[in-house]
K.L.:
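The structure under discussion is supplied below as structure tokens; questions concerning it will follow.
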Amino acid sequence: MRRQIPLAITLVVGLVMVVQYFVPHKPVGNLYDLFNTWAIVIFAFAIVLGVGNLIKIHGDRIYRLERGWGYSVLLLLGLTVMIITGIGWGIEPGTSFFYLYWHLYVPMSSTMFALLAFFIASASYRAFRARNFEAFLLLISAVLVMLGRVPMGKALWGQFPVIADWIMKVPNTAGQRAIMIGIALGVVSTSLRIILGIERAHLGGE
Amino acid sequence: MGMGKKLSQIDRRIIFLVIGLAVALPLLFPIGLQIRVSEPAQRMYKAIDQLPPGSKVLISFDYDPTTMPELYPMNIALVRHCFAKDLKVIGMALWPTGVPLGEEAFEIAAKDYGKSYGQDYVNLGYKAGDIVLISNLGKSIPQQFPIDFRGTPLEELPIMKGVRSLKNIDLVIDLSAGFPGIVEWTMIAGGRHHVKVGGGCTAVSAPSYYPYLQSKQIVGLLGGMKGAAEYETLMNARGAAAGGMDAQSIAHLVIILFIFIGNLFMFLGNKGKA
Amino acid sequence: MADTIGIWVAALLTLFIFSFLYKDNPLYKMAEHLFIGVSAGYWVSYLYQNVFKPNLYNPLFHQGKLLLIIPLILGLMMVMRLFPKIGWISRWSIAFIVGITSGYYLITYLQTNAVDQVRASLLNFSQINNIILVVGVLSGLIYFFFSAEHRGVLGGTAKLGIWFLMVAFGASFGYTVMARISLLIGRMQFLLGDWLGLLH
Amino acid sequence: MNRLRKSEILLAVLFPLPLFLGIGGAYGQDSLALAPVAKVTAVDTPNDGGGSITVDWEVSPDEAAGKVTTYHIFRASEGGEFQLLGEVSSGVTKYVDEGTRDGTKYIYAVQAIGKEGKSALTKSSPVWSRGQWFNTQRTNMLLVLLVISAAILLYIRKARAGGKLFIRKIAGLDAVDEAVGRATEMGKPVLFIPGIMDMDDIQTIAGMTILGRVARKTADYETTLRVPVCRSVVMSVAQEVVKEAYLDAGRPDAYDANKINYLTDDQFGYAAGVDGIMLREKPAAIFLMGHFFAESLILAETGFSIGAIQIAGTAEISQLPFFITACDYTLIGEELFAASAYLSGEPRLLGSLKGQDVGKAIFMAIIILGVILENLGYHFLTALMTTG
């Protein structure tokens, strides 16, 4: 029971999604519309799951006064304030929710990713090596693209942007396309296995 | 242990400082380097420019603040272009974080061109569902977005008159920071509902979208802050992206130099061993 | 006034996070935890206002679309994963979601990333670039061909294929560097411009 | 002076003109100032589920003169009154009505609108919408789908029946033994990093298979194996995998569950934690196998700086460049899955891999054939491959 029903659900829903591509007519088309609308709602519930886990882990940490429990308080505080303001008074520009979004969320998330600029710089110096011909080719192409895509490159030599454009348009497109076709086939075989119940990893190990 | 080895084990914090300065100094003391427009950006510009006035353009704000430096200037420049051409712009988002960013861009551009909400542009807001949502929009837009971002029912908005589904949309512009993004729009809006799709993306993903450009599955593409700077140049309005290009140039040179020095050490080290 | 406070808070948080570059420290940890909490809360509010209310609550309870009971139940089953004893019930909703996405991806990837890409490679050899493109795609595919040993002609072609892949990876590398630097520029523009007012 | 008089004259001459022509002013709104649209055809929208009719028309002859700004589209149920349905700008000659009731007869009409007035309605013949049972534009996709699916399923069956399926040598795999061997010689631990995604990610699953192989080697060589993970579920799976490998090697006593530990779910927090392990324990061999994101370069850089042999594998294209330049061997994209299929000997993985190869072979054949035909001036294969 615990396995059979989920497998049947996946099979039916998956097949409908495939068949509807070829059969636009009513019963199939309608079923497909219906599933789509439901999926959006179910997707939204996933966030409750994530937040529930967060509360569980950090609530536990505070309860047991584990090392760093103060940080967990801060985390739950941020969570609570955002939920109360957002659900209570709305989320449009002008609300307190939006104010918090703009002055807390925005700067912090941008800065998290801006850190990577520093790490790339240090890795460039310390780790990115032309250890063989392939890596050499990769680095040459990278340097040409990096020069060609900024104004300084053009100022240094007029041909840099032309070369970068060519790399992007021709060999890059060819390489990317080979990868894309390969990945597409991988997706087809994985999806097929999931729909037919040959692959069951998503249902958990038990 | 030679000098090379010592230098290659230099404290990372010195490298961090160098790259920080390479970005900060050109911002404080601009050089004003000239920006060259690449072909994919040119194509995007043409795709919008060719649309007759009154055409309906759907812009999806599928990005978040982490990619704002790249996509937000594009957002402003693209909306401006639409307004300059008197196109009707319908905004929406597959990323909740994109809605306020798109809203802000709308407000800035609308002020410049004297456009009014509901008449010339609308923001439908965010809806979960990713690919499934795009596919549903192919059947019906009002069913997926019964109300807009501000809570107004769609039938009360003049701009939505005659817009039932993606079929009534002349061009989809996607501002894409990843999944779901321009690939999903291309697959479903383009592949299944035959709407023209174009847009902008982060520099990280730009190379992998070139095959779609070559196959003409997307009409044009702006890649990263440089793409935004190119569009600002095309619109003759220097903005944040164009202003960042000097810093971008210097930082690239510094990184190239780092790679070169690092490899030189390896080369010298190998020679020493042999 | 509120804006000034907001900008100061944003600037300080930005600096707290950058302080990680010097070394891991309590200020960074504070910002990090606050960030995780705020972003989760952000998503909850957003989904409540934009999905739950207009797509489930209103149509189900005000417009009488009773069929929406099914996704409501499947959604609640999903949440049951929080409780280990009845967690297995969430498999039903996961099975539903996985079924939808698998069916969908099966078709869309095959169309957009395989068939459409193959069609776009059927090029006329009037331009040298078209020849290079076709050779690149074919040799790249050969590299990912696992059913034959890479020897002889096949090995040579696979070698050519890996070179094309490397140039493509180089392009990705360059663009990734570009993206990260742009994000840093954005932060610097905020710190130097919006906060300190040094940029014009 | 002169100019003023000229314009005065002009004004006097031109002023009655609009009245005379019957355009502008109060007259214009009601009179028919524009030439009507030449021909309006309405047909059931093909290849859809019904509820839609496509209206086409030829532009008004006045459009060339720039007099037309928009077209209004009207609809009437048979016998009913025309009602405004929507508007499109000039230059557009198509409108899709998505709101029809199947089986009901409708008549459509199009009207040109300009600053100077409008045209008479041009009507279509009656039309009704209905759904189709098969989308004929997608026959080619059906064919491709069937062939590739059949190939995958057949090979899976063959593999299950015990058929031998050949897979070529994968360079990175040979290096596994070498790396573990070197760690043993140096008396240093081996570090295995399975990416930052959960067990529902196929790359993590592939990584676990490779972990099994690495664990088998470290058990044989009596070398310490460290596996810091980012997800609690991955931790329990990794512990199972390693335990089993040590059991197989006949050294269950050497297995230490504490060496496989959970750090944190947070991306950068995890990266910082693993960095710490690398700097403290100085592993001689590092394996990075799974789904990585932005943290990839932080990990690979630190690994490089401590002089470890690094073997990486991921299908995340955007992170591959960093692995290729900072690691000694890299399994690129599908090679990760091939390696996992090869090592595990799982029929469904091996069979899939073979089936995908068939797909690749077919696509390569189509490209070669198509290019030849294109260059000979035949375009039918290209047309056949066009999806709708």
Side-chain angles (χ1 to χ4, degrees), chain A residues 2 6 9-10 13-14 17-18 21 38-39 41-42 44-45 47-49 51-52 54 71 74-75 78-79 82-83 86-87 91 103-105 107-108 111 113-114 116-118 120 134 137-138 141-142 145-146 167 170-172 174-178 180-182 184 187-188 191 194-195 202-203, chain C residues 6 9-10 13-14 17 29 33-35 37-38 40-45 47-49 51 56 71 74-75 78-79 82 88 91 95-96 98-100 102-107 109-110 113-114 117 129 132-133 136-137 140-141 144 164-171 173-174 180-181 183-184 187:
Chain A
R2 289 190 182 188
I9 293 176
T10 307
V13 174
M17 289 314 248
V18 173
Y21 178 78
W38 293 0
V41 173
I42 302 172
F45 273 91
I47 188 78
V48 180
L49 202 63
V51 171
L54 218 53
Y71 299 127
L74 202 60
L75 187 152
L79 178 73
M82 288 307 270
I83 292 181
I87 292 184
I91 53 179
H103 294 295
L104 292 180
Y105 182 82
M108 285 195 288
T111 313
F113 273 82
L116 289 167
F118 294 96
I120 281 212
E134 280 83 28
L137 210 56
L138 191 159
S141 144
V145 167
M146 278 160 68
I167 289 180
V170 185
N172 171 62
Q176 298 281 358
R177 183 167 286 166
M180 271 163 85
I181 295 175
V187 169
V188 169
S191 301
I194 289 178
I195 293 173
H202 62 284
L203 295 177
Chain C
V9 169
L13 288 172
T14 303
I17 295 175
K29 282 215 177 77
H33 281 80
L34 184 66
F35 173 57
V38 166
Y42 172 82
W43 278 86
V44 172
S45 295
L47 289 171
Y48 174 81
Q49 299 285 6
V51 179
L56 183 68
L74 282 172
M78 178 94 113
V79 180
L82 285 173
W88 59 271
R91 284 183 193 160
F96 186 84
V98 167
I100 288 211
S102 304
Y104 226 96
Y105 278 150
L106 179 66
I107 292 292
Y109 269 83
L110 191 62
N113 282 14
Q117 297 303 324
N129 280 346
I132 299 174
L133 192 82
V137 174
L141 281 172
F144 289 121
F164 270 96
L165 294 179
M166 288 301 151
V167 174
F169 290 146
F173 185 111
R180 305 304 186 215
I181 297 289
L183 297 187
L184 181 57
R187 282 291 82 196

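Each chain gets a letter, A, B and so on, in the order the sequences are listed, and its residues count up from 1.
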K.L.:
Side chain, backbone, both or neither: which part of C:Val44 has a non-hydrogen atom closer than 4.5 Å to chain A?
P.N.:
both

K.L.:
If you count heavy-atom pairs under 4.5 Å between each of C:Leu165, C:Val51, C:Thr14, C:Val9 and chain A, which one has the most?
P.N.:
C:Thr14

K.L.:
At their closest point, which heavy atom of A:Ala39 faces which heavy atom of C:Ile100, and how far apart are they?
P.N.:
CB-CD1, 3.6 Å

K.L.:
side-chain contact (heavy atoms from CB on, under 4.5 Å) for A:Leu116 and C:Leu183? Distances and angles first, verdict last.
P.N.:
CA-CA 9 Å; A:Leu116 289 167; C:Leu183 297 187; over 6 Å; no

K.L.:
For chain A, which candidate among C:Tyr104, C:Phe96, C:Tyr105, C:Phe144 shows the most heavy-atom pairs at distances under 4.5 Å?
P.N.:
C:Phe96

K.L.:
Any heavy-atom pair between the side chains of C:Val167 and A:Ile167 that's under 4.5 Å?
P.N.:
yes

K.L.:
Please enumerate all residues that pass side-chain hydrogen bond (donor to acceptor under 3.5 Å, both in side chains) together with C:Tyr109, with sequence neighbours excluded.
P.N.:
none

K.L.:
Compare all side-chain heavy atoms of C:Leu106 with those of A:Tyr21 and state whether any distance is below 4.5 angstrom.
P.N.:
no

K.L.:
Between C:Gly174, C:Gly140, C:Ser45, C:Ala10, which shows the greatest number of heavy-atom pairs under 4.5 Å with chain A?
P.N.:
C:Ser45

K.L.:
Any heavy-atom pair between the side chains of A:Phe118 and C:Leu184 that's under 4.5 Å?
P.N.:
yes

K.L.:
Any idea which of A:Asn172, A:Leu75, A:Ile91 has the most non-hydrogen atom pairs under 4.5 angstrom with chain C?
P.N.:
A:Leu75

K.L.:
Counting heavy-atom pairs closer than 4.5 Å to chain A, which one of C:Leu47, C:Leu56, C:Leu74, C:Val137 comes out on top?
P.N.:
C:Val137

K.L.:
Please report the C-alpha distance between C:Leu13 and A:Thr111 in whole Å, then the side-chain angles of each, then the deciding distance to 0.1 Å, and finally whether the side-chain contact (heavy atoms from CB on, under 4.5 Å) criterion is met.
P.N.:
CA-CA 9 Å; C:Leu13 288 172; A:Thr111 313; over 6 Å; no

K.L.:
Go through it in stages, so that I can follow the logic: the residues are C:Met78 and A:Ile42, the test is side-chain contact (heavy atoms from CB on, under 4.5 Å), and I'd like the CA-CA distance, side-chain angles, deciding distance and then a yes or no.
P.N.:
CA-CA 8 Å; C:Met78 178 94 113; A:Ile42 302 172; 4.2 Å; yes

K.L.:
Could you pull out the closest heavy-atom pair between A:Phe113 and C:Arg180, with the gap in Å?
P.N.:
CD2-NH1, 4.1 Å

K.L.:
What part of C:Phe169 is in contact with chain A, defined as an atom under 4.5 angstrom from a non-hydrogen atom: side chain, backbone, both or neither?
P.N.:
both

K.L.:
Do you know which of C:Ile181, C:Ile132, C:Val79, C:Leu110 has the most heavy-atom pairs under 4.5 Å to chain A?
P.N.:
C:Val79

K.L.:
Please flag which part of A:Leu54 lies under 4.5 Å from any non-hydrogen atom of chain C: side chain, backbone, both or neither.
P.N.:
side chain

K.L.:
Would you mind checking which part of C:Ile107 comes under 4.5 Å of any heavy atom in chain A, side chain (CB onward), backbone (N, CA, C, O), both or neither?
P.N.:
side chain

K.L.:
Specify which of C:Gly75, C:Ala171, C:Gly136, C:Ala114 makes the most heavy-atom pairs with chain A at under 4.5 Å.
P.N.:
C:Gly75

K.L.:
So which part of A:Val51 gets closer than 4.5 Å to some heavy atom of chain C, the side chain, the backbone, both or neither?
P.N.:
side chain

K.L.:
Would you mind reporting whether C:Leu133 and A:Arg177 have side-chain heavy atoms less than 4.5 Å apart?
P.N.:
yes

K.L.:
Would you say the side-chain atoms of A:Glu134 pair up with the backbone N or O of C:Met166, donor to acceptor, closer than 3.5 Å?
P.N.:
no

K.L.:
Would you mind checking which part of A:Ile120 comes under 4.5 Å of any heavy atom in chain C, side chain (CB onward), backbone (N, CA, C, O), both or neither?
P.N.:
side chain

K.L.:
Would you mind checking which part of C:Tyr48 comes under 4.5 Å of any heavy atom in chain A, side chain (CB onward), backbone (N, CA, C, O), both or neither?
P.N.:
side chain

